[in-house]
Amino acid sequence: MRILLLTHAFNSLTQRLEAELQERGHEISIEFDIADSVAEEAVALFKPQLIVAPYLRRAIPESIWSRHVCLIVHPGIIGDRGPSALDWAIQDGEAEWGVTVLQAEAEMDAGPIWASAVFPLRGAKKSSIYRNEFTQAATSAVLQAVERFAAGDFLPTPLAECSDARGRLRPLMRQADRTIDWQRDDTTTILRRINAADGFPGVADSLFGEPCQIFDAWPEAVLRGAPEARSGDLLARREGALLRRTRDGALWIGHAKRAGDLKLPATLAFAAVSASLPDAPLNDWWRVKGETWQDIAYEESGGAGFLHFEFYNGAMATAQCERLREALAWAKQRPIRVLVLMGGTDFWSNGIHLNVIEAAESPADESWNNINAMNDLSRELIETGEQITVAALAGNAGAGGCFLARATDLVWAREGVILNPHYKNMGNLYGSEYWTYLLPRRMGEIGVGDKSLEIMRNRQPLTAQRAAATEFTDACLAGDAQAFRIDVARRAAEIAAAPDLAARLVAKRERRAQDEAAKPLAAYRDEELAHMRRNFYGFDPSYHVARHHFVRKSPASWTPRHLARHRDLGWQG
Ligand code: COA
């Protein structure tokens, strides 16, 4: 079928749906919902049999829904209506939530229902629920709805006839609904409120007496700070986060956004004043027992080491890259035979930290520092001779994060993960992380018609299955998060115990030595950085402009041509 995806942005759900529908043989084109006239033009050009709207912020115009079946993906259970569906569900502590695929009609979210799915609602950030449980449920519901539509004889159920409609119409959640009362609310309530507002719009609050939005909260069970401290007092800092007293405990605030500013690590958003707080570092890299904020955590089992790095949004600033490299170098000295880089729950890595770069006095210098720190980390991985290294992607990876993963010996991705192994979307950035060494080594020389070039040029997201099929990764593992962790641990233990491990490590070291003799890593790095220097300091400002729009979330004014296939010159509808 010819399916138009009408969406506010090419977000992770839209990427997943595009890939899944294409894999089922459908012809897909994408249009951003910029204006009614633009959407109408897209429909006229593409002549879709079906329109799917995975992520919309406004209603589809009647001129379209009255003539075409438009399926809306609503992040709520059957009967739920309104623009803050997930926010209310999380804030109200629902035990189960869902997704409904319904047909667009005059009344928002009230059209007949084509498919639905439910999932247990984890106590987690809204953005995490969206990228994991919701995206998984939405994908299966949309695929079911598309099949039903294709069958031609399915009649969607009007909402009034749904016997299992538990939801109701709820208003937009306003900041007044999110307010935290630090004197009266307990830690669980505050956590829920901050979770319900993550990553947008955050909870309007104040830090150091200054109004700001707060994000990214973590419970603290170990450190409670000074007993004389009052609820709401700031107690300590650790890396990017601030510890704040609550009525019955304490919690960490990882990110904050001051008025007119960017969302930044909290200690950077309030750099001068937070320096006066006592530092509460962790002693070492071992995972702490009990709840605390620990962005880098190491554990061991079955002859394998597992390094977790829970960096918000997968963005890796210079200092985070440096700390992760230190942790990696330390882990390499442990008596382990396999070293698994686990990344975080929602993202494995999205490369250099564009917000921190944007906020720097010299974004060009900070870009340079950040890419060099990423490269040092990548080299530390490439030069690991005593262990088999694995990147286990439980969450998505993008740009430099994908090539950092490829710097390991084996890349395993959880089914449902999306990879964007290309840099060009960020203002034609050339990219580094030794990709010019890693990609051809894996997929063949970079030349016309080669897989390596295709990956970089097409700028298309890859599902975990597709990434394994094209050999960018080595395996696609279980889709369930818990099953994935178990599978990763089992496979790592198997490699560690395999009789051929010693021979495998010898072969690995020999290959590295041969590669180094043929062309040193330093030469790859110099060549890549020569391009990056032009991106950062050259007269073409594309990267700086693209980064500015990305971090400021400027609304798109047109759909990128590589997504809007119906706008290709010579496209025949
Ligand atoms: N630096 C800082 N923030 C980043 C980031 C980065 N490298 N990559 C993603 N983010 C942030 C987004 O701004 C967004 O922030 P929010 O929580 O305030 O909304 C959040 O992470 C999620 O990103 P989003 O784009 O909504 O997620 P997605 O899953 O739909 O898309 C990507 C994933 C990777 C395609 C997209 O985020 C992207 O293109 N990132 C930039 C990658 C890049 O160019 N890195 C630099 C070169 S190495």
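Since the model is a prediction, treat every value here as computed from it, not as a measurement. Whatever order the structure lists them in is the order used to number ligands and atoms, beginning at 1. All values below were derived from every heavy atom in this structure, side-chain atoms included, with hydrogens, water molecules and symmetry-related copies excluded.
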Worksheet item: Nearest to atom 29 (O) of ligand 1, what protein heavy atom do you find, and at what distance?
Response: S12 CB, 3.2 Å
Worksheet item: Atoms of ligand 1 less than 4.0 Å from K263 heavy atoms?
Response: 16 (P), 17 (O), 18 (O)
Worksheet item: Short list, please: which atoms of ligand 1 are under 4.0 Å from a heavy atom of L429?
Response: 47 (C)
Discussion item. Has T318 got a side-chain atom pairing as donor or acceptor with A373's backbone, closer than 3.5 angstrom?
Written reply: no
Item to complete: Could you name each residue pair satisfying side chain to side chain donor-acceptor pair (under 3.5 Å) that touches residues 191-200, not counting sequence neighbours?
Response: D198-Y312
Worksheet item: With distance as the sole criterion, is a donor-acceptor pair present between the side chains of Y130 and N11 under 3.5 Å?
Response: yes
Item to complete: Answer yes or no on whether R258 is positioned over the face of F270, meaning its NZ or CZ is under 6.0 Å from the six-membered ring centre and within 45° of the axis.
Response: yes
Worksheet item: Any donor-acceptor pair under 3.5 Å linking the side chain of Q175 with the backbone of G202?
Response: yes
Worksheet item: Going through the checks in order, is the ring-ring contact (aromatic ring centres under 6.0 Å, His included) test met by F10 and F32?
Response: CA-CA 8 Å; F10 195 42; F32 287 179; 7.3 Å; no
Fill in: Closest protein heavy atom (residue, atom, distance) for atom 31 (O) of ligand 1
Q15 NE2, 4.2 Å
Fill in: Side-chain H-bond candidate by donor/acceptor type, R466 with Q460, under 3.5 Å
no
Fill in: Ligand-side contact atoms (ligand 1) for residue partner A399, heavy atom cut-off under 4.0 Å
42 (C), 43 (C), 44 (O), 45 (N), 47 (C), 48 (S)
Worksheet item: Just by distance, do the side chain of T384 and the backbone of E380 share a donor-acceptor pair under 3.5 Å?
Response: yes
Worksheet entry | Check: W218 side chain, E291 main-chain N or O, donor-acceptor pair, under 3.5 Å | no
Worksheet item: Are D480 and R414 ion-paired here, with the side-chain N under 4.0 Å from a carboxylate O?
Response: no
Discussion item. Taking 4.0 angstrom as the limit and counting only heavy atoms of G400, give me the atoms of ligand 1 inside it, by number and element.
Written reply: 48 (S)
Worksheet item: Which pairs with one or both residues in residues 524-546 pass ring-ring contact (aromatic ring centres under 6.0 Å, His included), sequence neighbours excluded?
Response: Y430-H531, Y437-Y524, F536-Y543
Worksheet item: Strictly under 4.0 Å, does any heavy atom of R547 approach an atom of ligand 1?
Response: no
Worksheet item: Who gets closest to atom 46 (C) of ligand 1 by heavy atom: I371, I352, T14?
Response: I352
Fill in: Within-cutoff protein neighbour (heavy atom, under 4.0 Å) for atom 33 (C) of ligand 1
no
Practice prompt. Go through ligand 1 atom by atom and flag the ones less than 4.0 Å from a non-hydrogen atom of N420.
Written response: 35 (C)
Worksheet, complete the sentence: Note: heavy atom closest to atom 45 (N) of ligand 1, options V551, N370, N350, belongs to N350
Worksheet item: Does ligand 1 have any atom that is closer than 4.0 Å to a heavy atom of R131?
Response: yes
Practice prompt. Could you tell me which atoms of ligand 1, counted from 1 in the order shown, lie closer than 4.0 angstrom to a heavy atom of K553?
Written response: 12 (C), 13 (O), 14 (C), 15 (O), 16 (P), 18 (O), 19 (O)
Worksheet item: Tell me, which protein residue and heavy-atom name are nearest atom 21 (O) of ligand 1, and how many Å apart are they?
Response: N313 CG, 2.9 Å
Worksheet item: Which atoms of ligand 1 sit under 4.0 Å from any heavy atom of N11?
Response: 30 (O)
Fill in: Ligand-residue contact atoms, ligand 1 with N355, heavy atoms, under 4.0 Å
2 (C), 3 (N)
Worksheet item: Can an N or O of L354 be found at a distance shorter than 3.5 Å from an N or O of ligand 1?
Response: yes
Discussion item. Nearest non-hydrogen contact with atom 10 (N) of ligand 1 belongs to which option: Y423, F311, F215, F550?
Written reply: F550
